[in-house]
Amino acid sequence: MPNLKQNKNGQIGETMTWVVATLIIIVILAISIFISSFYPGKSKKIQEPYLQTADVLASKSMFSYMLTEDSERGKIYTQLKEDGNLSNFNGNFALKVFRGLYQKDYLNNPSNIWLGVVVNTGENLAEDKEPIFDILESLPNDFFGPRPGGPLGTAISYHTIPHTSEKIKLDENKSVELVLIGK
């Protein structure tokens, strides 16, 4: 007959080993999470506002806005593609979303936030240059006013600095653009 007391002692020893190993792993994970949340936090943010290229939350809001559905006409992306510009529903909704969420972050100035449709005119500043120098024109917009930086410009020099810009293509020549100025 096997000795039950010896088997019980063996199980206790093995269980204690696993409990101690699990606690050590948890402590190491907690320390690494603590260090990673504080130490690199300063280097994650771009310090120079002129080099700011994206506002991740605003970008995600832009994509979510474009996927929002109107019960009568479908997704805002489809509406903009069909109509070619902001309508009463999607223009007012854009005001609530972008000015409501981001105005305080962008110098609390409503004119620092612009959403609208830009059109590639097909005109090129220099015939021998790449298409990156095509002239873009913003369509008139009753909700956000004129585009900051003027109605004409180039894909490179079109923006007022410092800014964040996000474009979503509607077709070959039209895009919806969100422009955020200052921070």
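No experiment lies behind these values; they were computed from the predicted model shown. Note that these values count all heavy atoms, side chains included, but never hydrogens, waters or copies made by symmetry.
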Of the options Asp105, Asn112, Ile113, which is the one that meets Leu180 in a side chain to side chain contact (heavy atoms under 4.5 Å, CB included)? Ile113

Quick one: NZ on Lys169 to NZ on Lys174, what's the gap to the nearest 0.5 Å? 13.0 Å

Using a 4.5 Å side-chain heavy-atom cut-off and chaining through intermediate ILVMFWY residues, the residues clustered with Leu23 come out as Val19

Will you find, in the side chains of Asp55 and Tyr102, an N or O donor that is under 3.5 Å from an N or O acceptor? no

Where do Gly145 and Trp114 come nearest, in terms of heavy atoms and distance? O-NE1, 2.9 Å

Distance in Å, Leu101 CG paired with Tyr106 OH, rounded so as to fall on 0.5 Å steps: 11.5 Å

Distance check, rounded to the nearest 0.5 Å: Leu170 atom CG versus Met66 atom CE? 5.5 Å

Contact check, side chains of Leu86 and Leu115, non-hydrogen atoms, under 4.5 Å: yes

Between the side chain of Asn141 and the main-chain N/O of Val117, is any donor-acceptor distance below 3.5 Å? no

Exactly one candidate in Ile35, Leu29, Ile28 meets side chain to side chain contact (heavy atoms under 4.5 Å, CB included) with Ile31; the answer is Ile35

Do you know which two heavy atoms are closest between Met62 and Phe98, and how far apart they sit? CA-CZ, 3.8 Å

Residue pairs passing the side-chain hydrogen bond (donor to acceptor under 3.5 Å, both in side chains) test where at least one lies in residues 69-78, sequence neighbours excluded: Arg73-Asp83

To the nearest 0.5 Å, atom CD1 of Ile181 lies from atom OG of Ser111 at 7.5 Å

Results of ring-ring contact (aromatic ring centres under 6.0 Å, His included) for Phe144 - residues two or more places apart only: none

With rounding to the nearest 0.5 angstrom, report the CG to CG distance, Asp142 to Asn92. 10.5 Å

Of all the heavy-atom pairs spanning Gln79 and Gly74, show the shortest one and how long it is. NE2-O, 3.2 Å

Spatial distance of atom CZ (Phe93) from atom CD1 (Ile76) [nearest 0.5 Å]: 5.5 Å

